[in-house]
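Some notes on the structure that comes next.
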Protein chains: 2
Amino acid sequence: MIISDEFFMDLAIKQAWKYSVLTYPNPSVGCVILDKNGALLSCQAHKKAGFLHAEPTAILFALFKLNEQIFFDFIKAYYDKFFVKFLSIKELEEYDLEPNFTYEFILENHSNLLKDAKAYVTLEPCTHHGKTPPCAGLFIQLNFKDVIISCMDFNNIASGGIALLKQHNINTKFGVCGEKGKQLIEPFLSWQKGNFSFLKLAISLNGVITGGVISNTLSRTHSHKLRDVSELLVIGGNTVRIDRPTLDTRLVENGKNPDVLIYSRQNDFDKNIPLFGVKDRKVFISNSLENLEKKLVMYEGGVGMLKLAFDSKIPNLKWILLYKSNELKYGENIKFKNSFRPIFESNFENDNYGWYEIN
Amino acid sequence: MIISDEFFMDLAIKQAWKYSVLTYPNPSVGCVILDKNGALLSCQAHKKAGFLHAEPTAILFALFKLNEQIFFDFIKAYYDKFFVKFLSIKELEEYDLEPNFTYEFILENHSNLLKDAKAYVTLEPCTHHGKTPPCAGLFIQLNFKDVIISCMDFNNIASGGIALLKQHNINTKFGVCGEKGKQLIEPFLSWQKGNFSFLKLAISLNGVITGGVISNTLSRTHSHKLRDVSELLVIGGNTVRIDRPTLDTRLVENGKNPDVLIYSRQNDFDKNIPLFGVKDRKVFISNSLENLEKKLVMYEGGVGMLKLAFDSKIPNLKWILLYKSNELKYGENIKFKNSFRPIFESNFENDNYGWYEIN
């Protein structure tokens, strides 16, 4: 393995992928920071809209790595302000840090430790003051020397980061792992233009997709997180009748239960099926998938839904999300001839999962 | 992701896994090198017995990274000596470098550039002069400051590396990712004790394992590399009759075609089946898998062989090697109820593959 700009950008991209789509309506972004001597300090990603951006998160952890006292000062200050106590750096890493407080903490405590540092960012750093202050400004105020960027921001409001960095004499390099960086933000580009739709499916090692739970708790938690951010859940009528699902977000804290569209010609569903009883949810029944007018739509289902996908009958369907268990399950496999092209693959403990395009 | 000793050791371990079993009879070893300031310079692994060890390989690439002139000097010297011309660093990385020449080149050209550097090695560096000079000595001669080791070497001939490093005032730390490091050398520990056996299987996304080629060229090349190092290939009689395989190593340059044991009660095989026609190969037919007296045995086959594995009827069977395509193939799936525990998973382009234990 050759160590190069591509190696570090790849780290940032892979970190960002973990939160793909979960950042809706924001793009997935990852950031890696090296100190002035080239030592790797941190690799972090944007996790969810409203959470700290990738760049200040990576900067915060870089400071922790350079000086442990800054970590202790941060957890003390955070406790004093919010009465939230972090017991470890791992715990802090998972937490939804208050963006403005954290940003201010960085500005007050960086002690010029990141002077001449180098950042790898998967997307051009933002220049606008949204829920969080602009990231390009942070690199400038901390006197970074180099900012390497994979992909331009196509969002007019937030773009201009490269120009601003250059104006402040920061060396910028653009297009490192550019194709990969662009693929990472495909969901973002799609919902910016109108809609991003994906189909989620869980499959056993021997190709069984029916007969109860297939994926593990971590996979299902990931799936619930995706439901939480989705504007609409579409499910096939047969799956509703046979599986009698709840389609809620019980594995996620304070999860939002999205409205459900049952794709069916009939509408004589047993209203005792749990999905109808979920609070604050509307359930629609329709035999059309056109003009849903939602920006992020998650499709769930079985063989029928997969057939629609293969027949290009799901409007705007971009990716398939597969959870693949390493278990052999008694039962019949799905009988199709087709293939998937992996875009990103990883695992949740013993399960594999990935985002795919239909080949 | 928190950057720590575990992060760098994990890089070394993952690099080593790419050559798991392929290093037979040597252990799989990976090595990461940071310069005195903590900058990541290289991550390399031992690829095959007789090839350069992981440590000098990582040191060579670390020197290339620190001073590009050393790279140019090396390719010139290599050409002058062996008439082999490298066109890129990537090409050189894949090549079977002559160990003694390379070792000497490092000693003559390091210019103390790695003084106070830090190495992460998945296994205690060797102290004996085998086909290649001892690795522990190289760290000493180049004045490394720290050598972090995941796992002790249980091989009496080569061990003693930690003691030697300490004796020369190199800081050593032992047990970083210790469990992972030990798992990496399980094949080595097994064949040291007598035998390591594994079963290779290719499976489509929907659980079909029959009906022609399932995995892609890279997966099959990997499989041929494993045949090349295996002492014996065992295959079920039914698979031989139905698939009429060649079981050679045509996808590998100068591959050795291992002897074949056909596991069958009958021995009336059509001798026109290609596997019988492979040069320099013995073919045995036996209804017993006991006392094969080989150190590395590769099992191939289909449903029958998998059933033997599940019923614990393959002696010393340690791991299952699965090539998993992302294609849906027409056909029936394998019908078992069982599960696999992933030990290492990665991919060959669009195929997934991994080493598994039966759960």
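Within every chain, numbering begins at 1; the chains are lettered A, B, ... in the order of the sequence lines, protein sequences first and strands thereafter.
Heavy atoms closer than 4.5 Å to chain A are found nowhere in Ile209(B), neither backbone nor side chain. Proximity to chain B (any heavy atom under 4.5 Å) is restricted, for Glu345(A), to the side chain, taken from C-beta onward. Neither the backbone nor the side chain of Lys36(A) comes within contact range of chain B, judged by heavy atoms closer than 4.5 Å. For chain A, no part of Leu34(B) is nearby; none of its heavy atoms comes within less than 4.5 Å. Within the 4.5 angstrom heavy-atom criterion, atoms from both the backbone and the side chain of Lys335(B) approach chain A. Of the atoms belonging to Lys337(A), heavy atoms from both backbone and side chain fall under 4.5 Å from chain B. For a residue to count as touching a neighbouring chain, one of its non-hydrogen atoms must lie under 4.5 Å from one of that chain's; by this rule Phe61(B) touches chain A with the side chain only. Heavy atoms of Phe64(B) lying under 4.5 Å from chain A are absent altogether.
Residue Trp319(A) forms a ring-ring contact (aromatic ring centres under 6.0 Å, His included) with just one option from Phe344(A), Trp355(A), Phe198(A), and that option is Trp355(A). Remark: of the listed residues Arg341(B), Lys318(B), Gln183(B), Arg341(B) is the sole one forming a side chain to side chain donor-acceptor pair (under 3.5 Å) with Glu357(B).
Ranked by non-hydrogen atom pairs under 4.5 Å with chain A, the options Lys329(B), Gln44(B), Glu349(B), Glu332(B) are led by Glu332(B). Ranked by heavy-atom pairs under 4.5 Å with chain A, the first of Ile334(B), Leu40(B), Ile89(B) is Leu40(B).
Using a 4.5 Å cut-off on side-chain heavy atoms (C-beta onward), Leu308(A) and Leu199(A) make no contact. For the pair Gln15(B) and Leu11(B), the minimum side-chain heavy-atom distance is 4.5 Å or more.
Salt-bridge check for Lys118(A) with Asp5(A): passed, with a basic side-chain N closer than 4.0 Å to an acidic carboxylate O. Between Asp96(B) and Lys48(B) no salt bridge is recorded (no basic side-chain N to carboxylate O distance below 4.0 Å). A salt bridge is absent between Lys173(A) and Asp146(A): the closest approach of a Lys/Arg side-chain nitrogen to an acidic carboxylate oxygen does not fall below 4.0 angstrom.
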